[in-house]
Trainee: 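First the structure, which I've put down as structure tokens, then a few questions once you've had a look.
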2 protein chains.
Amino acid sequence: MGITKTQIFNTEQNELAIMFKVLSNPARIAILQYISQQNACICNDIVDEIGLAQPTISQHLKELKSIDLIRGEIEGKKVCYCINLKQWTAVQTLLNSFFETTKDNCC
Amino acid sequence: MGITKTQIFNTEQNELAIMFKVLSNPARIAILQYISQQNACICNDIVDEIGLAQPTISQHLKELKSIDLIRGEIEGKKVCYCINLKQWTAVQTLLNSFFETTKDNCC
DNA sequence: TTTTAATATTGCTATATTACGATGATATAT
DNA sequence: ATATATCATCGTAATATAGCAATATTAAAA
């Protein structure tokens with residue numbers, strides 16, 4: 001999306017934006033939901049489940065990994081992805097606290 | 001961002017993605033924080049506060065309005081923006097419930 | 001009514017994103 | 001060793017986004 005002037009914003013603002021951005025795509029939402037439903041990890045059943053090409057899924061997984069929301073464990077030829085619960089909760093807390101703080105200031 | 005294949009995802013997934021997307025920019029985060037801190041509404045002090053050109057701010061405000069997160073009240077020449085608390089809370093609940101549901105399924 | 005101030009809209013450029021085919025890397029299976 | 005399956009990376013096309021200058025719009029003020 002064009003150049004974002006990250007320099008003029010503080011770390012918190014930039015980090016919040018990055019987390020929101022990683023989640024701002026329906027494919028990535030679907031991937032997260034699917035991975036979580038498999039309880040255990042899964043691999044590129046994701047490709048079959050979601051209707052996108054394998055490279056596309058792989059790229060989305062990479063973005064989810066970039067903020068450590070999921071982890072990929074190599075098992076032979078396959079890679080099993082699962083939600084990183086610790087980071088998941090941390091992100092949830094961070095976003096939630098943004099909502100709370102803003103709400104408190106407001107009215 | 002290139003074409004997103006929204007057709008292959010369900011309404012919930014697409015709506016979540018849209019909300020995350022609106023919040024996925026540090027300028028919009030900063031605008032929301034600033035508006036909320038002013039307690040009452042403010043106008044284009046936002047332009048002075050944030051270091052971006054007036055058209056850019058105007059565009060960001062439009063995107064925030066698109067999901068009804070803020071409201072602009074016209075007061076003569078000026079427009080006073082404020083957080084729409086009802087929608088703010090609704091979005092918070094929706095996102096939070098996404099985090100919770102996914103977490104519950106997971107482990 | 002003309003000017004001025006505040007905001008929105010338009011048009012443009014530069015860069016990011018989504019998606020995919022082709023290719024590369026790696027590990028099991030034959 | 002060779003083939004096959006799984007996944008990642010590269011390169012590229014199409015589209016979206018961020019930002020701004022210029023311009024339009026609107027309303028108070030002169």
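In what follows, chains carry the letters A, B, and so on, assigned in the order in which the sequence lines appear, proteins first and then strands, with residues in each chain numbered from 1.
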Trainee: Specify the separation, in whole Å, of atom CD1 of A/Ile29 and atom P of C/dT18.
Mentor: 12 Å
Trainee: How close do A/Ala53 and A/Val47 get, counting heavy atoms only, and between which atoms?
Mentor: C-CG1, 4.5 Å
Trainee: Under 4.0 Å between any heavy atoms, over every strand shown, what does B/Glu63 touch: base, sugar-phosphate, or nothing? Just pick one.
Mentor: sugar-phosphate
Trainee: Can you tell me which residue among B/Leu85, B/Thr89, B/Asn84 is in a side chain to side chain contact (heavy atoms under 4.5 Å, CB included) with B/Gln87?
Mentor: B/Asn84
Trainee: Of the listed nucleotides (D/dG19, C/dT9, C/dT18), which one gets closest to any side-chain atom of A/Arg28?
Mentor: C/dT18
Trainee: Return the 5'-most residue of the pair B/Ala27, A/Asp45 with respect to DNA chain D, ranking by each residue's nearest nucleotide.
Mentor: A/Asp45
Trainee: Over all heavy atoms of both residues, which pair between A/Leu23 and B/Phe20 is shortest? Give the atoms and the distance, please.
Mentor: O-CD1, 3.3 Å
Trainee: Any idea which of D/dT6, D/dT9, D/dA18 is nearest the A/Pro55 side chain?
Mentor: D/dT9
Trainee: How long is the line joining CD of B/Glu75 and C1' of C/dT7, in whole Å?
Mentor: 14 Å
Trainee: Need one value for A/Leu52: base, sugar-phosphate or nothing, where a base atom within 4.0 Å counts as base even if backbone is also close, heavy atoms only.
Mentor: sugar-phosphate
Trainee: Starting at the 5' end of DNA chain C and moving along, which residue's nearest nucleotide shows up first, A/Ile74 or A/Gly51?
Mentor: A/Gly51
Trainee: Taking CG from A/Leu64 and C1' from D/dA8, how many angstroms apart are they, rounded to a whole number?
Mentor: 15 Å
Trainee: Without decimals, in angstroms, what is the distance between A/Ile3 CD1 and C/dT15 P?
Mentor: 5 Å
Trainee: Between B/Ile70 (CD1) and C/dT7 (P), how many Å, whole number?
Mentor: 12 Å
Trainee: Once you round it to whole Å, what is the distance between P of C/dA19 and NZ of A/Lys62?
Mentor: 16 Å
Trainee: Does a side-chain N or O of B/Lys21 approach OP1 or OP2 of D/dT17 to a distance below 4.0 Å, or not?
Mentor: yes
Trainee: Considering heavy-atom distances to DNA chain D, does B/Ala53 or A/Leu61 have its closest nucleotide positioned more toward the 5' end?
Mentor: A/Leu61
Trainee: Is the shortest side-chain N/O distance from A/His60 to OP1 or OP2 of C/dA19 below 4.0 Å?
Mentor: yes
Trainee: Rounded at 0.5 Å granularity, tell me how far CG in B/Asn25 sits from CD in B/Gln59.
Mentor: 9.5 Å
Trainee: Is the phosphate of D/dG19 approached by B/Thr56 (side-chain N or O, under 4.0 Å from OP1 or OP2)?
Mentor: no
Trainee: Could one point to a donor on the side chain of B/Gln54 or the base of C/dA8 with an acceptor on the other under 3.5 Å away?
Mentor: yes
Trainee: Round to a whole Å and report the spacing from CD of B/Gln13 to P of C/dT18.
Mentor: 15 Å
Trainee: Is B/Ile74 atom CD1 crowded by more than 12 heavy atoms from other residues, nucleotides or ligands, each under 6.0 Å away?
Mentor: no
Trainee: Are B/Lys78 and D/dA28 close enough that a side-chain N or O sits under 4.0 Å from OP1 or OP2?
Mentor: no
Trainee: Give me the atom names and distance for the closest heavy-atom approach of B/Thr102 to A/Leu32.
Mentor: CG2-O, 4.0 Å
Trainee: Would you kindly give the CD-to-P distance between B/Gln7 and C/dT18, to the nearest whole Å?
Mentor: 15 Å
Trainee: Closer than 4.0 Å, any side-chain N/O of B/Tyr81 to the OP1 or OP2 of C/dA8?
Mentor: yes
Trainee: It should be established whether A/Lys77 places a side-chain nitrogen or oxygen under 4.0 Å from OP1 or OP2 of nucleotide C/dA29.
Mentor: no
Trainee: Does a nitrogen or oxygen in the side chain of A/Asn25 sit under 4.0 Å from OP1 or OP2 of C/dT17?
Mentor: no
